[in-house]
Amino acid sequence: MEFSTLLYALAFAGPFIRTRHRVLARLAEEYGPIASFGTSTTRVLIVVSSPAAAREALAENDAGLADRFMPDSARALSHNSGSPLFLPSSDPLWKQYRVIINGHITSGRSLELSRHVRERHARQLAEHLKASSGRPVTVGVHMLGTVLNVVSSILFSRDDVVDLGVQGAHVLKDLLVELTAVSTKSNISDALPFLAPLDLFGLRRSFSKCLARLYKFLDEEFIEPRLASGETHHGDVLDVVLAQYAKSQLTRSDITKFFTDIFIAGSESSSLTVQWAMAQLLRHPDKMKKVQGELTVKLGTKKDSVEESDLDKLPYLHAVVKETMRLHPVAPLVPRVAISDGVSLGGFSVPVGTGVAINLWAVGRDPASWPRPEEFVPERFLGDQALDFRGSDFAFKPFGAGRRVCPGMGLAARFVPLLLASTLHKIKWSLPDGMAPQDVDLMDNYRTVLDLATPLRAVPLSTD
Ligand code: HEM
């Protein structure tokens, strides 16, 4: 373990902010897979960068690291007091939220009930892409629009939030992207918490403004109209939380904060994973050919659209998704904080209040676990021994682990492969403007989620 204020500043300020995961991975090569940055005057941050160290943090110290490290921006509008992402795991409200998500979004029964919603939107996505046949599209715009429609359908029975036919600004999409961008900016209050009340960089104020607009959108668009209507039989998540509100088990502001976090955590994560998969496939035409060949052979040419029951027949497609998540984990730095005595990492005791970031980006590229770690090789996820997100190997944990593991994993594990399969089924893809495969930019841009530095543009060609 090493202590250095300079390195701390390097990792958390200025030009390195957008490559924070890469800077920390490089520092781990020098200082080891469990490295500590900061001094007695700054907050200390321990960065965990290997599968063995990730196991130590997420499994062996699950209880002691069960809270999320809270950036100062999360305190804007007291968001943290009702946030599934930031509430302490000991808080009864956090447990109540997890029960709602597990019971009404990702349980086997609820996933089955929402299957037709995902299939319908995946079909519409394919139709829109086919309608753009021969013209370049920005892949992410269609993906995020589709994901937002599915999420709002599951939450509010509203699946017309984003019109895929209309390009350009959309309030929900834009606010979500803006929120993650603001929360990624370096903030002196996070390194020196005693300065937080001054909000020297104005980030809490910026975050508050953005958050207030998102609250207003969710309230006016979905929550208030339902409350005013008094209807309770939509069979969606809003029904469930309003029933708890009627029994005073949730406050009105808890409801808005809950839905805010579900959109923040559940939307871009899924759409970016599909975009990264498409970027890798366009960069590797041999893999594109293989995955499309599998779709043609297993689904035939007569089938119009992909259904979730088809996904079991597509092992190579699943391998592409997993290899994408290994190389481009959309949540590359999982932030936790030590909340009790007895936390120990690498033989060192970790004081209460210390931040711990698990660098999933570095873990996924650990050379001891992954031969040719920088290469896109979906084949490594084929066969009986292939790793899965639910497995016990900490070399592959794109959804995190322990009691704070992503509660949306079951939904994403169905939805992401369905979106990718629908994007590739009966649609050939090429690159615009004379671009060659090696011109596809795989550089990333860290803004809490791992975005593509250059938005992916490609040309769909319907084979119908
Ligand atoms: C490809 C898709 C997704 C990926 C890769 C992903 C990844 C993650 C990761 C790494 C974490 C942190 C886990 C930890 O601390 O150990 C997380 C947390 C979370 N995710 Fe996801 N996620 C995805 C989709 C979703 C979806 C669809 C939802 C919505 C239902 C969701 C809701 C959440 C929530 C609420 C948390 C915070 C959990 C807590 O702190 O208790 N995620 N996710």
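As a basis for the values below, the full set of heavy atoms in this structure was taken, side chains included, without hydrogen atoms, waters or symmetry mates. Ligands are counted one by one from 1 in listed order, and the atoms in each one are counted from 1 as well. Computed from a predicted structure; not experimentally measured.
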Worksheet item: Salt bridge between R75 and D72, side-chain N to carboxylate O under 4.0 Å?
Response: yes
Item to complete: Tell me, please: is R403 in heavy-atom contact with ligand 1, that is, under 4.0 Å?
Response: no
Worksheet item: With only distance considered, is S270 within less than 3.5 Å of ligand 1 through an N or O on each side?
Response: no
Worksheet item: Does G402 have a heavy atom less than 4.0 Å from any atom of ligand 1?
Response: no
Worksheet entry | Contact atoms of ligand 1, heavy-atom distance to M325 under 4.0 Å | 1 (C)
Worksheet item: Counting only protein atoms, how many N/O/S atoms are less than 2.8 Å away from atom 21 (Fe) of ligand 1?
Response: 1
Worksheet, complete the sentence: ligand 1 atoms nearer than 4.0 angstrom to some heavy atom of P398 are 5 (C), 7 (C), 10 (C)
Discussion item. Salt bridge or not between E224 and K216? Use side-chain N to carboxylate O under 4.0 Å.
Written reply: no
Fill in: Side-chain (N149) to main-chain (T146) donor-acceptor, under 3.5 angstrom
no
Discussion item. Below 4.0 Å from ligand 1: does a non-hydrogen atom of F415 turn up there or not?
Written reply: no
Discussion item. Run the side chain to side chain donor-acceptor pair (under 3.5 Å) test against E323 and tell me which residues pass, sequence neighbours left out.
Written reply: R326, R380
Item to complete: Please check if any side-chain donor atom of N445 sits under 3.5 Å from a side-chain acceptor atom of R18, or the reverse.
Response: yes
Discussion item. I'd like to check which ligand 1 atoms, numbered from 1 as shown, lie under 4.0 Å from a non-hydrogen atom of A401.
Written reply: 16 (O)
Worksheet item: Does CG in D388 sit with more than 12 non-hydrogen atoms of other residues, nucleotides or ligands closer than 6.0 Å?
Response: yes
Discussion item. Check for me whether R98 has a heavy atom closer than 4.0 Å to any atom of ligand 1.
Written reply: yes
Worksheet item: Between D444 and R22, is there a side-chain N and carboxylate O pair less than 4.0 Å apart?
Response: yes
Fill in: Heavy-atom proximity to atom 1 (C) of ligand 1, best of D67, T273, T324, V405
T273
Worksheet item: Do NZ/NE/NH1/NH2 and the carboxylate oxygens of R115 and E112 come within less than 4.0 Å?
Response: yes
Worksheet item: Looking only at non-hydrogen atoms, which of L85, L65, I358 approaches atom 37 (C) of ligand 1 most closely?
Response: L85
Worksheet item: Are side-chain N/O atoms of D239 and T232 paired as donor and acceptor at under 3.5 Å?
Response: no
Item to complete: Return yes if some donor-acceptor pair links the side-chain N/O of R336 with the main-chain N/O of L65 below 3.5 Å, else return no.
Response: yes
Discussion item. Are more than 12 heavy atoms, taken from residues, nucleotides or ligands other than K313, located less than 6.0 Å from that residue's NZ atom?
Written reply: yes
Item to complete: For P84, counting its heavy atoms only, list the atoms of ligand 1 lying under 4.0 Å from any of them.
Response: 39 (C), 40 (O), 41 (O)
